[in-house]
Student: 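The following block contains the structure, expressed as structure tokens.
Being a predicted model, the structure only gives us computed values, none of them experimental. We number each residue from 1, following the sequence as shown. Indexing begins at 1, ligand by ligand and atom by atom, following the structure's order.
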Amino acid sequence: MSKLKLATVWLDGCSGCHMSFLDMDERLIELAELVDVVYSPIVDTKEFPDKVDIALVEGAVASVDDEKKIRKIRAHSKLLIAMGDCAITGNVPSMRNPMGPEAILDRAYIENASAQPQIPCVVVPKLLQVVRPIHEFVKVDVFLPGCPPSADTFHIALTALLTGAPLDIPALTRFGA
Ligand code: SF4
């Protein structure tokens, strides 16, 4: 049986969800028998592939680049999983919403700069006025809550999705999702 294509994506999050995914430890070896990781911060692929079976997305949509990425990911993925509370609710990144992006940029690049205070106009993508969860931009198929979701949560949910086994909701609840 050919392996499914799995992508993991990092939008506006702290990478803690990816760290928790990696905390599956030796269970990653079982996972590698079922999927090929075709795009991720942990592999060296620059472009999101055309056809992905499962995309796990960490982080909220905070910039013009994030919005472009999530629309492309949706268009090229059969199943899109919002992984973690930033992707699902906005969570930590959305704490800037009451201030607006200008105040945040001023704080980071002007007030706290010890040399050459200036707002960058290249490399740093244009921030959206409001940080929003990904389901406000595209359809999400599965929500995996937690900050971050635990390694056990990843394991239970991915095993069910990949093997067609029934999803063990009591176990998910026990592990904090
Ligand atoms: S949900 Fe928590 S762990 Fe995941 S990216 Fe957001 S802040 Fe980090």
Side-chain angles (χ1 to χ4, degrees), residues 6-28 31 35 37-46 48 52 54-74 76-77 79-101 103-105 107-109 112 123-162 167-169 171-177:
L6 178 81
T8 79
V9 181
W10 182 4
L11 299 181
D12 193 6
C14 73
S15 87
C17 289
H18 273 85
M19 295 299 110
S20 190
F21 175 84
L22 293 177
D23 275 346
M24 280 194 282
D25 298 329
E26 71 277 6
R27 291 170 292 182
L28 290 170
L31 186 64
V35 299
V37 181
V38 292
Y39 181 89
S40 171
I42 57 172
V43 301
D44 190 25
T45 311
K46 308 294 184 220
F48 196 83
V52 167
I54 300 178
L56 282 160
V57 182
E58 168 189 320
V61 179
S63 69
V64 171
D65 280 15
D66 291 341
E67 182 174 351
K68 235 188 273 174
K69 274 186 209 160
I70 196 63
R71 293 193 189 285
K72 181 169 184 181
I73 291 159
R74 177 69 276 181
H76 295 279
S77 306
L79 192 87
L80 194 155
I81 303 179
M83 103 167 133
D85 290 348
C86 293
I88 295 171
T89 68
N91 196 29
V92 176
S94 67
M95 289 168 74
R96 76 152 160 92
N97 287 353
M99 276 85 74
I104 300 299
L105 291 169
R107 184 76 173 158
Y109 294 106
N112 285 340
V123 181
V124 176
K126 185 173 165 24
L127 298 182
L128 296 176
Q129 200 62 29
V130 175
V131 177
R132 288 152 63 196
I134 60 178
H135 70 267
E136 292 192 16
F137 293 85
V138 295
K139 177 176 172 282
V140 170
D141 301 301
V142 177
F143 295 86
L144 214 52
C147 182
S150 69
D152 293 314
T153 298
F154 278 116
H155 183 241
I156 293 165
L158 286 174
T159 302
L161 286 168
L162 291 168
L167 188 57
D168 188 348
I169 301 286
L172 272 179
T173 311
R174 203 160 55 241
F175 291 118

Student: Anything under 30° is parallel, anything over 60° is perpendicular, the rest tilted; go ahead and classify W10 against H18.
Tutor: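 Ring orientation, 0 to 90° scale: tilted.
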
Student: What is the minimum heavy-atom distance between R96 and L127, and which atoms define it?
Tutor: NH2-CB, 3.7 Å

Student: Out of P148, A82, G13, whose heavy atom is nearest to atom 3 (S) of ligand 1?
Tutor: P148

Student: Distance to 0.1 Å, residue and atom name: give those for the protein heavy atom nearest to atom 4 (Fe) of ligand 1.
Tutor: C17 SG, 2.4 Å

Student: More than 12 non-hydrogen atoms from neighbouring residues, nucleotides or ligands closer than 6.0 Å to CZ on R71, yes or no?
Tutor: yes

Student: Any Lys/Arg nitrogen of R132 or D12 sitting under 4.0 Å from an Asp/Glu carboxylate oxygen of the other?
Tutor: no

Student: With a 4.0 Å cut-off on N to O distance, would you call D25 and R27 a salt bridge?
Tutor: no

Student: Counting each atom of ligand 1 from 1 as listed, which ones have a heavy atom of G146 under 4.0 Å away?
Tutor: 1 (S)

Student: Can you list the atoms of ligand 1 that are under 4.0 Å from a heavy atom of D85?
Tutor: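 Ligand 1 atoms under the 4.0 Å threshold to D85: 1 (S).
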
Student: For atom 2 (Fe) of ligand 1, what is the closest protein heavy atom, and at what distance to 0.1 Å?
Tutor: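 The protein heavy atom lying closest is C147 SG, 2.3 Å.
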
Student: Atom NE2 of H76 and atom CZ of R74: how far apart are they, to the nearest 0.5 Å?
Tutor: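 Separation between the atoms: 11.5 Å.
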
Student: Looking at ligand 1, would S20 count as a contact under a 4.0 Å heavy-atom criterion?
Tutor: no

Student: Counting only heavy atoms, which portion of E58 has something under 4.0 Å from ligand 1: side chain, backbone, both, or neither?
Tutor: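 Side chain only.
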
Student: Out of all atoms in ligand 1, which are within 4.0 Å of some heavy atom of C14? Include the element for each.
Tutor: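 Under 4.0 Å from C14, ligand 1 has these atoms: 3 (S), 5 (S), 7 (S), 8 (Fe).
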
Student: Is C86 close enough that one of its N/O/S atoms sits under 2.8 Å from atom 4 (Fe) of ligand 1?
Tutor: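 Here the distance criterion (N, O or S atom, under 2.8 Å) is not met by C86, so no.
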
Student: Which of the numbered atoms in ligand 1 are under 4.0 angstrom from any heavy atom belonging to G16?
Tutor: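 In order of number, 3 (S).
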
Student: If we check side chain to side chain contact (heavy atoms under 4.5 Å, CB included) with L161, which of these qualifies: I156, I81, D141?
Tutor: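 Considering I156, I81, D141, a side chain to side chain contact (heavy atoms under 4.5 Å, CB included) with L161 is found only for I81.
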
